[in-house]
There are 2 protein chains.
Amino acid sequence: MQMDELTGAPSVLARGWATDQAADRLREMILDGALVPGSRISERMLQERFGFSRTPLREALKVLCGEGLVMIEPNRGAIVTRLSLGELEAAFELLAVLDGAAGEMACRRAGDTQIEAIAALHHDMVDCYRARDLQGYFGLNKAIHLALVDAAGNPSLARIYRLESARVDRYRFAGNRASANWARSIRQHEQILDALRARQGSLLRECLVAHRASGLRLAREQYEREARSLNPVP
Amino acid sequence: MQMDELTGAPSVLARGWATDQAADRLREMILDGALVPGSRISERMLQERFGFSRTPLREALKVLCGEGLVMIEPNRGAIVTRLSLGELEAAFELLAVLDGAAGEMACRRAGDTQIEAIAALHHDMVDCYRARDLQGYFGLNKAIHLALVDAAGNPSLARIYRLESARVDRYRFAGNRASANWARSIRQHEQILDALRARQGSLLRECLVAHRASGLRLAREQYEREARSLNPVP
DNA sequence: TACCTGAGGGTTGCATGCAATCTGATGACT
DNA sequence: AGTCATCAGATTGCATGCAACCCTCAGGTA
């Protein structure tokens, strides 16, 4: 599957096979929120929207099903996976474990070049923060965490991390960032970078776990905001 | 996907949709070693072997590709994923992280009933050990680890753990068990059960990580034995 | 000999067609 | 009114057909 080098997001320029293109575009639509969790994805709709025949579309749905982004109900078609609040929390709990482990591995194994590349991403992200460029910030934030996981030098970890991240990105990178939260996130990232540069594995683990806990709080707010807007309170 | 309740292995009785049946049978063939890593899986071969048309077979291959069991090369078809030694070690490193985290969560969250169910599996496994029933031992061993992960009460963790386990089961549960190794594994399992019953999370984590390290040693031996038999030394 | 070329067979990627199943809406019956 | 049966339309699951692509291996050329 072709991925954008910087953000790990599906590449918009995909000009490969129909199945891959369809999977990429579908993934993008789900992550962007163009397809709301719980909504049906009919093959006819995809056919009209993408222009491919049903065969590659069905294969793409199987792929996304494996990624946990859609659920396929036999004889009834696919629906965008709708996480319960408990599942959202479980995903963040797992990501905290993976972040922490990746941090420790990265402190042991990352090359100086890799660490400085992460620092460069960090500085770009701070620039976006200063410019109040929310989209740029989200993209670089994601890129930093992926780079850190890659720096751990464990391909299984990298693969699993991407899989699980994608399931909750919708809630991580949505809505506005209140000023206080945004500033705190930047501070946490600075601590993370410091710990990485000092190669203090257990400190880095703590920073990352705390950072992920903050992330869960924001995601939970986003989740509940969305739930309210879908199911107005009586 | 239908799974056997006890072992988490694909159910042989699958009488569902052709795609699922094909995926289950293919997964089984890969895990059993009937399909050797690195070998091509041509759609025609599957067609003759399973009797389905190419459409569900292609969908099944996409599913297994998402699980990391096969790799699909554009316009060239699928091959059974062949792990390098480094990838095998990376998978075990990740599984150690997941085992450890699952152990701590299980100590906090598992119900007494769940723990006793694991104890029952353990005793069955010891019976298999005494009877030198290697297949029964492998199945129950796997079932115990899955039950422990389920007892952690984190669906994301459970899902990811199954995914990653499947990629290395071929090396975990193959070959004979030399007597000393087998006895040590049983001892480790007893310590694991004790720590779980006492709900000593950090102790359980240590036991599981050590157990996984032993598992890696055995898997590495199996890996190298296989590599030698495929590539006789010059 | 070494290298390029290009035709043949076989395989994959995708489109289309048909049967089985689901939806949901209408109408009959208690 | 409420429940159940039934039937038309729409959708999915799978089989099949065709074009594009890859690999192989003669045959020719330097």
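We name chains A, B, ... by the order of the sequence lines, and we start the count at 1 in each one.
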**Q** Please determine which of B:Arg220, B:Arg170, B:Arg82 meets the salt bridge (charged side-chain N to carboxylate O under 4.0 Å, His left out) test together with B:Glu226.
**A** B:Arg170
**Q** Between A:Ile79 (CD1) and D:dT11 (P), how many Å, whole number?
**A** 17 Å
**Q** Going by side chain to side chain donor-acceptor pair (under 3.5 Å), name the residues that satisfy it together with B:Tyr171, two or more places apart in sequence or in a different chain.
**A** none
**Q** Give me the distances for all protein-to-nucleotides 12-14 of chain D N/O pairs that come in under 3.5 Å?
**A**
from	atom 1	to	atom 2	distance (Å)
D:dT12	OP1	A:Glu43	N	3.4
D:dG13	OP1	A:Asn75	N	3.2
D:dG13	OP2	A:Arg58	NH1	2.5
D:dG13	OP2	A:Arg58	NH2	3.1
D:dG13	N7	A:Arg54	NH2	3.0
D:dG13	O6	A:Arg54	NH1	3.2
D:dC14	OP1	B:Ala18	N	2.4
D:dC14	OP2	B:Thr19	OG1	3.2

**Q** Can you check salt bridge (charged side-chain N to carboxylate O under 4.0 Å, His left out) on B:Glu67 and B:Arg27, steps first, answer last?
**A** CA-CA 10 Å; B:Glu67 297 175 9; B:Arg27 200 180 295 111; 2.9 Å; yes
**Q** In a check of salt bridge (charged side-chain N to carboxylate O under 4.0 Å, His left out) between A:Arg54 and each of A:Glu48, A:Glu43, A:Glu59, which one passes?
**A** A:Glu43
**Q** Using whole Å, what does the distance between atom P of nucleotide D:dT11 and atom CG of A:Leu61 come to?
**A** 15 Å
**Q** Looking at A:Glu89 and A:Gly86, would you say the former's side chain and the latter's main chain have a donor-acceptor pair under 3.5 Å?
**A** no
